[in-house]
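The block underneath contains the structure these notes are about, expressed in structure tokens.
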Amino acid sequence: MSGRPRIVVTAAVVRRGGTFLVTRRPRGVHLEGYWEFPGGKCEPGEPQEACLRREIAEELGVGVRVGRKILEVAHDYPDRTVELHFFDCELAGEPVPLIGQEVRWADRDDLGRLEFPPADAELIEWLQGRAGSA
């Protein structure tokens, strides 16, 4: 085990028609400027579903129904290990960017053209490989 801190992160995969909700990381944060699926870091002892509901409310001002876990990935960055948990989610309302981030609905092809963090690569591949929008 390395001396890098391990950070547990949850992320919402929200579909609308053939598009997915993505947000752009604001300035001054780890991996600023990259696109990502909305969510964030879990507090110590915080259940993953509760973390995701809290993060979506803080970042996008809406409630969220957290569905099944789609994928779990761990990725080592030079200064930290990120453990990502992606959940299939539905929003209860229209998202509003509350922390200055860009928000957009991206189709499957856009997912391959936008710059996502390396930890999201497996999810992007999985979403692009799926037929239809389950």
Side-chain angles (χ1 to χ4, degrees):
M1 173 92 183
S2 74
R4 289 185 292 250
R6 186 173 196 87
I7 299 168
V8 178
V9 174
T10 59
V13 177
V14 180
R15 296 175 177 92
R16 179 160 71 181
T19 62
F20 299 89
L21 181 67
V22 294
T23 59
R24 195 170 206 171
R25 295 183 62 80
R27 281 192 164 94
V29 300
H30 183 243
L31 300 172
E32 71 177 56
Y34 282 84
W35 290 92
E36 67 180 353
F37 294 88
K41 291 186 260 190
C42 291
E43 300 293 335
E46 183 179 34
Q48 292 172 9
E49 293 85 353
C51 169
L52 197 48
R53 284 191 290 273
R54 175 182 55 74
E55 288 284 347
I56 297 298
E58 290 173 2
E59 294 179 8
L60 298 172
V62 292
V64 63
R65 184 195 63 75
V66 179
R68 69 182 178 89
K69 188 182 290 188
I70 296 173
L71 186 65
E72 184 176 318
V73 186
H75 186 81
D76 291 327
Y77 290 98
D79 62 336
R80 64 189 77 188
T81 296
V82 175
E83 180 184 306
L84 268 164
H85 301 268
F86 295 100
F87 289 87
D88 194 19
C89 293
E90 288 179 28
L91 298 183
E94 200 57 32
V96 177
L98 298 178
I99 59 170
Q101 77 277 40
E102 288 181 56
V103 175
R104 70 180 280 191
W105 293 92
D107 66 27
R108 277 187 172 74
D109 291 336
D110 285 339
L111 295 178
R113 289 190 282 268
L114 297 173
E115 192 172 17
F116 283 87
D120 289 11
E122 190 174 339
L123 176 70
I124 301 295
E125 284 180 32
W126 186 80
L127 291 173
Q128 288 183 314
R130 298 201 58 196
S133 56

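Just so you know, residue 1 is the first one in the sequence shown, and it goes up from there. Predicted, not measured: the structure shown is a model, and the values here were computed from it.
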Any chance you could pull the hydrophobic cluster mates of V96, using side-chain heavy atoms under 4.5 angstrom and chaining through other members?
L98
Please identify each residue that fulfils side chain to side chain contact (heavy atoms under 4.5 Å, CB included) with E72, with sequence neighbours left out.
K69, H85
Could you list the residues that satisfy salt bridge (charged side-chain N to carboxylate O under 4.0 Å, His left out) with E55, not counting sequence neighbours?
none
Any link between V73 and L31 through a network of hydrophobic side chains (Ile, Leu, Val, Met, Phe, Trp, Tyr) touching at under 4.5 Å?
yes
Exam field: side chain E49 to backbone V66, donor-acceptor pair closer than 3.5 Å
no
Nearest heavy-atom pair of G40 and C51: which atoms, and what distance?
O-SG, 3.5 Å
Which residues pass the side-chain hydrogen bond (donor to acceptor under 3.5 Å, both in side chains) test with E46, sequence neighbours left out?
R54
E58 and I99 have their tightest heavy-atom pair at O-CG2, 4.2 Å
Taking only residues two or more places apart in sequence, or in another chain, which ones meet V103 in a side chain to side chain contact (heavy atoms under 4.5 Å, CB included)?
L21, T23, L60, P97, Q101
Enumerate the salt bridge (Lys or Arg N to Asp or Glu O under 4.0 Å) contacts for residues 112-123, please, sequence neighbours excluded, ordered by first and then second residue.
D110-R113
Quick one: does I56's side chain get under 4.5 Å of P38's, heavy atoms only?
yes
In terms of heavy-atom contacts, A106 and L111 come closest through CB-CD2, 4.2 Å
In terms of hydrophobic clusters joined by side-chain contacts under 4.5 Å, are W126 and L84 together?
yes
Please tell me whether F86 and V8 are part of a single hydrophobic cluster in this structure, the criterion being side-chain heavy atoms less than 4.5 Å apart.
no
Between the side chains of R4 and D79, is the shortest nitrogen-to-carboxylate-oxygen separation below 4.0 Å, so that they form an ion pair?
no
Can you name the salt bridge (charged side-chain N to carboxylate O under 4.0 Å, His left out) partners of R53, sequence neighbours left out?
none
Output all residues satisfying salt bridge (charged side-chain N to carboxylate O under 4.0 Å, His left out) with E32, sequence neighbours left out; order by chain, then residue number.
none
Starting from F87, can I reach V14 by hopping between I/L/V/M/F/W/Y residues whose side chains sit under 4.5 Å apart?
yes
Considering all heavy atoms, the nearest A74-R6 contact
CB-NH2, 3.6 Å
Inter-residue atom distance L71.CG - L123.CG, 0.5 Å rounding
6.0 Å
Please test C89 against V13 for side chain to side chain contact (heavy atoms under 4.5 Å, CB included), starting from the C-alpha separation and ending with a verdict.
CA-CA 6 Å; C89 293; V13 177; over 6 Å; no
Decide yes or no on side-chain hydrogen bond (donor to acceptor under 3.5 Å, both in side chains) for D107 and T19, but give the supporting numbers first.
CA-CA 4 Å; D107 66 27; T19 62; over 6 Å; no
Quick one: list whatever passes side-chain hydrogen bond (donor to acceptor under 3.5 Å, both in side chains) with R80, sequence neighbours left out.
none
What distance separates I70 CD1 from R68 CZ, expressed to the nearest 0.5 Å?
5.5 Å
Of all pairs that satisfy ring-ring contact (aromatic ring centres under 6.0 Å, His included), the ones with a partner from residues 38-80, not counting sequence neighbours
H30-Y77, H75-Y77
Is R24 reaching over with its side chain to a backbone N or O of W35, donor-acceptor style, under 3.5 angstrom?
no
By side chain to side chain contact (heavy atoms under 4.5 Å, CB included), K41 pairs with (sequence neighbours left out) I7, V9
What pairs meet the ring-ring contact (aromatic ring centres under 6.0 Å, His included) rule with one or both residues in residues 96-122, with sequence neighbours excluded?
F37-F116
